[in-house]
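Below, chain A is the first sequence line, B the second, and so on; all start at residue 1. Since the model is a prediction, treat every value here as computed from it, not as a measurement.
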Amino acid sequence: MTPPASATAMSQVAAAPRAELDALDDAALRDALMRMHLIRKFEETAEASYMRGLVHGTMHLSIGQEASAVGSISPLARDDYILSTHRGHGHCLAKGADPARMLAEFFGKETGYCRGRGGSMHIADVEVGNLGANGIVAGGLPIAVGVGMSIKAQKLPRVCMVFFGDGAANEGAFHESLNMASIWTLPVVFVCENNKYGMSMDIAKAMAVANVADRAAAYAMPGVVVDGNDLPAVAAASRVAVARARDGGGPTLVECKTYRLRGHSKSDRNLYRSKDEIEGWRARDPIRRLESELVATGRFDAATLATIEADAAREIERALEFAKSSPDPDPADLTRDVYAE
Amino acid sequence: MTPPASATAMSQVAAAPRAELDALDDAALRDALMRMHLIRKFEETAEASYMRGLVHGTMHLSIGQEASAVGSISPLARDDYILSTHRGHGHCLAKGADPARMLAEFFGKETGYCRGRGGSMHIADVEVGNLGANGIVAGGLPIAVGVGMSIKAQKLPRVCMVFFGDGAANEGAFHESLNMASIWTLPVVFVCENNKYGMSMDIAKAMAVANVADRAAAYAMPGVVVDGNDLPAVAAASRVAVARARDGGGPTLVECKTYRLRGHSKSDRNLYRSKDEIEGWRARDPIRRLESELVATGRFDAATLATIEADAAREIERALEFAKSSPDPDPADLTRDVYAE
Amino acid sequence: MPNDVMAAKAAPAAQADATRTLSYAEAIREGLAQAMEADPRVFLFGEDVGVYGGAFGVSGDLYHRFGAERVIDTPISELGLAGAAVGAALTGMRPVLEIQFSDFATLAMEQLVNQAAKIRFMFGGKASVPMVVRLPGGSGTGAAAQHSQSLEAWFAHVPGLKVVQPSTPHDAKGLLLAAIDDPNPVLIFEHKLLYKTKGPVPADAYRVPIGKAIVRRQGRDVTIVAASVMALRALAAAEALAADGIDAEVVDLRSLRPIDTETIVASVEKTRRLVVVYEGVKTMGIGAEIAARIAERDVVRRLAAPVVRLGGADSPIPYNPVLEKAAVPQEATIVAAVRTLMQGDRR
Amino acid sequence: MPNDVMAAKAAPAAQADATRTLSYAEAIREGLAQAMEADPRVFLFGEDVGVYGGAFGVSGDLYHRFGAERVIDTPISELGLAGAAVGAALTGMRPVLEIQFSDFATLAMEQLVNQAAKIRFMFGGKASVPMVVRLPGGSGTGAAAQHSQSLEAWFAHVPGLKVVQPSTPHDAKGLLLAAIDDPNPVLIFEHKLLYKTKGPVPADAYRVPIGKAIVRRQGRDVTIVAASVMALRALAAAEALAADGIDAEVVDLRSLRPIDTETIVASVEKTRRLVVVYEGVKTMGIGAEIAARIAERDVVRRLAAPVVRLGGADSPIPYNPVLEKAAVPQEATIVAAVRTLMQGDRR
Ligand SMILES: Cc1ncc(C[n+]2csc(CCOP(=O)(O)OP(=O)(O)O)c2C)c(N)n1
Ligand SMILES: Cc1ncc(C[n+]2csc(CCOP(=O)(O)OP(=O)(O)O)c2C)c(N)n1
Ligand SMILES: [Mg+2]
Ligand SMILES: [Mg+2]
């Protein structure tokens with residue numbers, strides 16, 4: 001998989017006017033850019049904290065994939081649901097999580113979203129409709145079917161968006177879930193973040209079709225491929241899919257072609273890909289790309305961009321302070337939340 | 001799903017010459033017809049024995065689906081493999097099993113293929129490459145992938161054919177298996193016997209695409225729909241798929257549109273389908289249809305047909321005698337074959 | 001007598017007049033109907049639960065009474081269905097999933113064990129997963145190795161799940177209603193051989209508490225702990241043993257997670273002899289846990305004889321009916337084991 | 001001393017000179033390489049076992065040494081992979097499947113339990129399924145609830161499977177080679193915390209027999225039965241206890257199916273006290289079965305104290321490292337439990 005043609009083209013002609021960008025007003029763009037910066041800085045801070053031994057276990061960084069998370073979630077309302085993945089920090093922040101409580105979770109603190117019980121792989125923020133990251137590849141897909149059934153049964157005007165990777169598209173759970181969502185016309189948007197690899201497995205070796213979205217036809221549902229590093233394009237594709245779901249049109253499979261610039265997890269030695277490939281994708285960094293386009297089209301000036309980035313940085317500094325200074329859980333509480341009363 | 005157009009057409013114009021029929025010589029036709037009769041009479045006898053309390057448990061009859069089993073298996077050699085389903089008597093007989101040892105198995109006898117341990121749902125005949133029926137819907141599909149890997153690793157000129165139903169095509173195992181067979185170009189032929197229902201679930205409610213074969217595209221493999229009640233047509237489609245697999249071309253998904261004339265199992269009250277529908281399909285009985293065509297085209301005369309049917313009847317009578325007179329297993333042997341030494 | 005004990009504990013005397021005789025399947029159906037009538041969040045789904053009425057006829061006419069949106073026929077997708085139950089439960093519904101044979105739960109373990117059981121804990125207590133899964137299990141119908149397993153012990157090993165195994169129509173309904181109320185995922189192992197058995201069932205929507213065993217028969221000499229169909233065999237065996245002058249106490253576990261240790265220990269304290277009877281494979285079956293709970297308590301040192309475990313054979317369930325019977329404890333097996341135990345001539 | 005006992009039982013003296021110090025991961029890799037060299041039917045497959053070298057580095061350079069056809073990177077399809085192992089094994093190959101974390105076996109239970117374990121029996125003995133599945137398990141790495149489970153007890157419940165759990169590099173290699181030889185499906189639960197531990201490993205392709213426990217430390221006062229990382233913690237605890245004058249015998253189970261009851265019973269006959277230590281959830285964990293095997297034998301009536309089970313907490317594994325440690329037995333837990341037991345002041 002070379003970077004999608006549109007991505008290459010786009011990075012050169014960012015100044016040309018286009019509908020996807022025009023569809024976003026300044027407030028929306030500011031918000032999207034802010035969230036992308038928050039994600040990037042959050043993950044850089046988490047990574048540094050890990051290196052310093054403040055975070056244990058492992059984590060899966062989505063650096064390079066911010067446009068996919070933020071763009072996909074941008075059409076959702078607070079009471080819409082998302083289901084996320086092991087690479088889910090971006091989804092969580094895009095849906096409105098407080099980075100302080102997220103980082104506190106990574107630090108294993110009682111103030112974290114999961115009171116230190118879940119860690120990076122299980123962050124959930126149920127109050128804003130984030131039904132959780134998932135340590136099981138494709139684990140969220142069947143759950144999304146149930147959320148869709150629930151929305152439909154309760155006749156709520158909501159949508160459920162479920163994220164998964166290219167690797168997840170080879171799990172049986174993918175198949176069963178897309179089929180059920182389709183036959184029952186559920187308000188579910190399936191977002192595949194195709195970052196070319198499932199851990200070390202190149203998608204070209206793991207499946208014989210060119211796009212995960214090509215599989216949508218097997219469920220008689222629309223399948224859309226979008227340049228996942230192009231925020232306005234992702235937002236536009238997601239808008240259509242979310243509207244369709246909300247209007248009773250049923251599910252859509254949206255595939256965001258993107259790339260993770262970091263290793264799969266903290267133990268990855270990148271043996272399966274070349275430096276050139278990584279650098280090629282770094283040149284298409286979704287944050288810098290959006291910023292260039294905003295400046296080139298005259299939507300924002302450099303000073304505005306700097307303010308947004310600085311705001312994000314401050315927010316993450318605050319988060320780090322909060323996480324560090326928060327209390328640990330009490331081991332006496334170990335089994336307290338196994339069962340609800 | 002109304003009966004496929006070709007089926008309806010065919011039952012009227014059976015006298016017209018056609019390549020699928022011409023491709024089968026007299027010996028092949030005689031053999032195919034013989035096997036279809038054997039299957040039909042075997043199942044009728046098994047059913048009668050069940051009614052008389054000689055067989056316990058349950059069984060899944062394939063009456064009406066004989067052309068699919070016999071036609072699909074017709075291009076296979078003895079050392080090719082098949083994997084079968086809960087509705088597998090036809091596959092087993094088509095692959096060359098002795099009806100006497102099959103019926104003995106239904107009677108729970110020590111002389112049965114599984115020494116009375118397996119029953120109808122687990123009949124296997126490993127010596128002729130039948131790796132077994134399966135009580136788990138879609139259970140054979142992943143196994144077929146391994147058989148394909150094994151054939152390829154050993155560089156054998158063999159093929160593995162795996163049967164499954166329309167209902168099975170919604171199991172995750174279907175998806176994982178077709179994907180792996182495709183990426184590794186395995187010598188596997190996937191035969192979906194679409195009899196319109198998964199137990200009581202109409203395929204039109206269980207999946208949103210018109211044909212199971214439409215899903216082949218999701219694995220970049222050929223998907224072929226064939227009139228499953230038309231023996232020459234099934235044989236022709238299977239021949240192409242088997243040759244492709246044997247020649248290193250990889251897997252094919254063949255979908256035989258057929259119908260089970262009996263209930264799903266012995267406890268089915270047919271609440272989910274109409275008498276009219278059943279009668280409509282009975283008019284397309286694959287055995288009578290082939291017989292009519294053979295007579296109409298002048299390939300066989302009525303006397304030849306009668307001989308074949310009588311031979312089959314005698315064979316099944318012999319089987320019944322054998323099953324009845326065979327010894328029961330010794331309960332002291334209960335755990336003998338749990339582990340291989 | 002056993003029913004008196006049960007009724008005294010579980011069904012208030014006031015409803016006695018409204019008690020009819022129903023089959024186990026009918027009792028479950030009545031419980032489902034009452035739950036669906038009382039609470040719009042409750043729905044039933046699974047393979048062939050609708051028009052067909054369920055593979056074992058449990059849902060029967062519910063499809064016609066509640067419609068296709070509350071009694072939902074599904075594709076054959078066990079993993080997906082279990083996940084769908086999780087998602088529906090997480091967002092305000094009260095799903096009841098029928099997995100057609102408990103053997104097919106092997107396809108759904110990921111969602112049941114990694115998701116349903118753990119979500120509440122992993123989320124720091126900020127969500128709950130009130131779902132019910134009904135799983136017909138057990139041998140005795142000639143359905144062979146892949147349709148006859150008793151896998152309940154696996155789930156009893158999983159924190160976050162609750163597991164019950166009713167033996168009577170009364171408990172089948174009462175435990176189902178308690179399970180639907182419960183804010184946690186509850187698995188109900190129904191037994192295929194029990195669906196047609198009959199017994200008294202109150203007409204109201206009563207609950208049988210999860211986590212409580214019941215003494216079905218009081219006795220002095222030996223405690224027999226069992227559940228599901230084995231509880232009935234144990235009761236029959238106890239009657240046979242009474243003719244020999246052996247007075248057996250029969251404890252019906254009813255819940256496998258949590259286990260009502262107190263009731264078991266109290267009984268063994270009294271009888272000083274324990275026989276555990278279970279259909280699952282003996283090794284690592286539920287009887288291992290019961291025996292261990294005795295072994296780790298002081299009462300173990302007062303036992304008059306070692307514990308006897310009667311579990312399933314170390315083999316898959318065979319098809320042949322004679323072998324099939326031989327593979328799991330039968331009334332005669334229990335009688336013989338208790339006699340041997342009482343005679344003191346142990347291996 | 002523990003190693004002497006082990007070497008005497010498992011490794012012939014002749015190879016002593018060719019014994020090197022290897023890590024547990026290296027020992028497994030060496031075993032895989034030797035099996036693949038000796039037998040063209042053997043191949044390794046699983047997620048990221050190739051170029052990446054395995055999620056825990058076990059396969060390392062095997063991909064480069066044996067090529068992409070014998071060390072096969074796969075899609076993420078655990079159910080399909082388990083089935084593929086069954087199919088390959090049925091038709092003449094000797095597949096070794098790595099399931100990246102044992103937790104993901106939840107997706108493969110159908111093929112492992114309904115197919116691999118039962119095919120031979122269901123076919124009346126007319127086929128065998130010689131496959132090996134390697135499953136990294138256990139907690140202690142901060143991987144939280146879905147990547148830290150100890151599910152081996154489930155498989156110990158399934159006739160037709162064999163289950164081993166090596167604690168040392170020596171046993172990891174020897175049990176792997178025995179598993180590859182075995183004509184039955186064998187599941188190997190490796191422990192993530194052990195991969196970097198080192199120990200003596202003979203260079204030749206020796207086998208450690210499946211089904212045999214080993215006495216790692218002889219003692220008079222109390223028997224501690226454990227496996228995998230818990231066997232090492234038990235040994236360390238035994239050394240600490242020795243300072244108090246408590247002489248513990250440590251039995252390393254090594255095989256969970258079949259269980260070597262004789263070795264355990266012989267030890268308990270001698271010490272009259274039993275502590276079972278295991279990482280899986282206490283209820284229905286492997287210690288339940290060990291305790292039950294004692295409870296059903298005469299030796300139970302000669303125990304000096306009730307059996308003590310130290311198992312995993314009744315909760316999923318938490319992420320926070322302090323909670324995570326608290327959720328499973330540690331050396332200190334074992335020491336404290338044995339001290340209490342010896343003092344006789346039990347609950
Ligand atoms: C069921 C399951 N199998 C394997 C894993 C181990 N694993 C974690 S992430 C991953 C790769 C997933 O690839 P993809 O879906 O493309 O997501 P990405 O990591 O690229 O975001 C693997 C194999 C897992 N967590 N769950
Ligand atoms: C995993 C699994 N789920 C459910 C069943 C119960 N069951 C047996 S056959 C069947 C219907 C299968 O439909 P299909 O695949 O179309 O095959 P058919 O019976 O029509 O030949 C069902 C639901 C099963 N045996 N295995
Ligand atoms: Mg990926
Ligand atoms: Mg069908």
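Atom-to-atom distance recorded for D:L90:CG and B:L83:CG is 8.0 Å, nearest 0.5 angstrom. Distance check, rounded to the nearest 0.5 Å: CE of D:M93 to NZ of B:K152 gives 12.5 Å.
Between D:T74 and B:W184 the shortest side-chain heavy-atom distance falls below 4.5 Å. You'll find the side chain of B:R117 stays beyond 4.5 Å of the side chain of D:F123, heavy atoms only. Side chains of B:I136 and D:Q115 form a contact here, defined as non-hydrogen atoms less than 4.5 Å apart. In this structure the side chain of B:M180 reaches within 4.5 angstrom of the side chain of D:P75, judged on heavy atoms.
Other residues, nucleotides and ligands place no more than 12 heavy atoms under 6.0 Å from the NZ atom of D:K212. Heavy atoms from other residues, nucleotides or ligands lying under 6.0 Å from CD of B:Q154 number more than 12. Counting non-hydrogen atoms of neighbouring residues, nucleotides and ligands closer than 6.0 angstrom, the CD atom of D:E69 reaches no more than 12 such neighbours.
Of the possible donor and acceptor atoms, one in the side chain of D:N184 sits under 3.5 Å from a partner among the backbone N and O of B:A340. The closest donor-acceptor contact from the side chain of B:Y339 to the backbone of D:L161 lies under 3.5 Å.
Taking each heavy atom of D:A84 and B:M149 in turn, the nearest pair found is CB-SD, 3.9 Å. The two atoms that bring D:A127 and B:V126 nearest to each other are CB-CG2, 4.3 Å, heavy atoms only. Taking each heavy atom of B:A173 and D:L79 in turn, the nearest pair found is CB-CD2, 3.8 Å. The minimum heavy-atom distance linking B:I143 with D:Q111 is given by the pair CG1-OE1, 3.4 Å. Heavy-atom minimum distance, B:D337 versus D:G124: OD2-O, 3.6 Å. The minimum heavy-atom distance linking D:G92 with B:S150 is given by the pair N-OG, 4.5 Å.
Heavy atoms closer than 4.5 Å to chain D are found nowhere in B:D333, neither backbone nor side chain. For B:I183, the part lying under 4.5 angstrom from a heavy atom of chain D is the side chain only. Contact of D:L107 with chain B is not made at all, since no heavy-atom distance falls under 4.5 Å. Both the backbone and the side chain of D:T91 have a heavy atom closer than 4.5 Å to some heavy atom of chain B. Of the atoms belonging to B:E110, not a single heavy atom falls under 4.5 Å from chain D. Residue contact with chain D, scored on non-hydrogen atoms closer than 4.5 Å, is absent for B:D125.
Both the sub-6.0 Å distance and the 45° axial angle are not jointly satisfied by D:K126 relative to the ring of B:Y113.
Of the listed residues (B:G139, B:G132, B:A144), the one with the most heavy-atom contacts under 4.5 Å to chain D is B:G139.
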